[in-house]
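Computed over heavy atoms, backbone and side chain alike; hydrogens, waters and symmetry mates excluded. All figures in this text were calculated on a predicted structure; none of them were measured in a lab.
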Amino acid sequence: EVQLVESGGGLAQAGGSLRLSCAASGLTVDDYAIGWFRQAPRKEREGVSCINDDSDGSTYYADSVKGRFTISRDNAKNTVYLDMNGLKPEDTAVYYCASQCSLSYNGGYYNRYYGMDYWGKGTLVTVSS
């Protein structure tokens, strides 16, 4: 059984930092592109960042988070991280990781889908002004 479990959310002040973790079981994170998504209240879910599988390892960021967020992977821990710095109130959302990527960036669009939908249950990030 595949499980993705997010952690690390919480309350932060504007300008602060948080580190989100996505721990995987039943799936090896370096074999797949792993994406972070978020959904704010009354808004559609949006792709935030993506890290490709180990054969490539490229990273992608939505324009809204580029330069502030960093995605990384620890293969030994089978975990993907999202380091969030310079947080803004508009970053407030439930953050999800998934075994797929879908995001708009730099005027383009990046998508990786393997025909399977594995998602975590999400972790809430709240940024106060």
With sequence neighbours left out, which residue pairs that include part of residues 98-127 fulfil the disulfide bond (SG atoms under 2.5 Å apart) condition?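 For residues 98-127, and leaving out neighbouring residues, the disulfide bond (SG atoms under 2.5 Å apart) pairs sorted by first residue read C50-C101.
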Above 12 or not: heavy atoms from other molecules or residues under 6.0 Å from CD of E90?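 Atom CD in E90 is crowded, with more than 12 foreign heavy atoms closer than 6.0 Å.
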Set of ring-ring contact (aromatic ring centres under 6.0 Å, His included) partners for F69, sequence neighbours left out: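 Result, ring-ring contact (aromatic ring centres under 6.0 Å, His included) vs F69: none returned.
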Compare all side-chain heavy atoms of L27 with those of I34 and state whether any distance is below 4.5 angstrom.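 Side chain of L27 against side chain of I34, heavy atoms only: contact under 4.5 Å found.
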Report the C-alpha separation of M116 and V2 in whole Å, then their side-chain angles, then the decisive distance to 0.1 Å, and conclude whether the side chain to side chain contact (heavy atoms under 4.5 Å, CB included) test is met. CA-CA 10 Å; M116 57 185 188; V2 175; over 6 Å; no
Please check if any side-chain donor atom of Y61 sits under 3.5 Å from a side-chain acceptor atom of T70, or the reverse.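 Not at all, the side chains of Y61 and T70 share no donor-acceptor pair under 3.5 Å.
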Hey, are R38 and E46 close enough for a salt bridge, meaning a charged N less than 4.0 Å from a carboxylate O?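 Judged by the 4.0 Å cut-off on N to carboxylate O distance, R38 and E46 do form a salt bridge.
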Any chance you could measure L20, atom CG, to W36, atom CH2, to the nearest 0.5 Å?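 So the CG of L20 and the CH2 of W36 are separated by 4.5 Å.
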How many angstroms lie between atom OH of Y81 and atom CD1 of I51, to the nearest 0.5 angstrom?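 If I round to the nearest 0.5 Å, the distance is 11.5 Å.
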Please work out whether the ring planes of F37 and W119 are parallel, tilted or perpendicular, with thresholds of 30° and 60°.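 Tilted.
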Smallest separation among heavy atoms of A98 and L4, with atom names: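 Heavy atoms of A98 and L4 come nearest at CA-CD1, 3.7 Å.
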Show, in sequence, the C-alpha distance, side-chain angles and deciding distance for D54 and R73, and conclude whether the side chain to side chain contact (heavy atoms under 4.5 Å, CB included) test is met. CA-CA 9 Å; D54 242 13; R73 179 176 52 226; 2.8 Å; yes
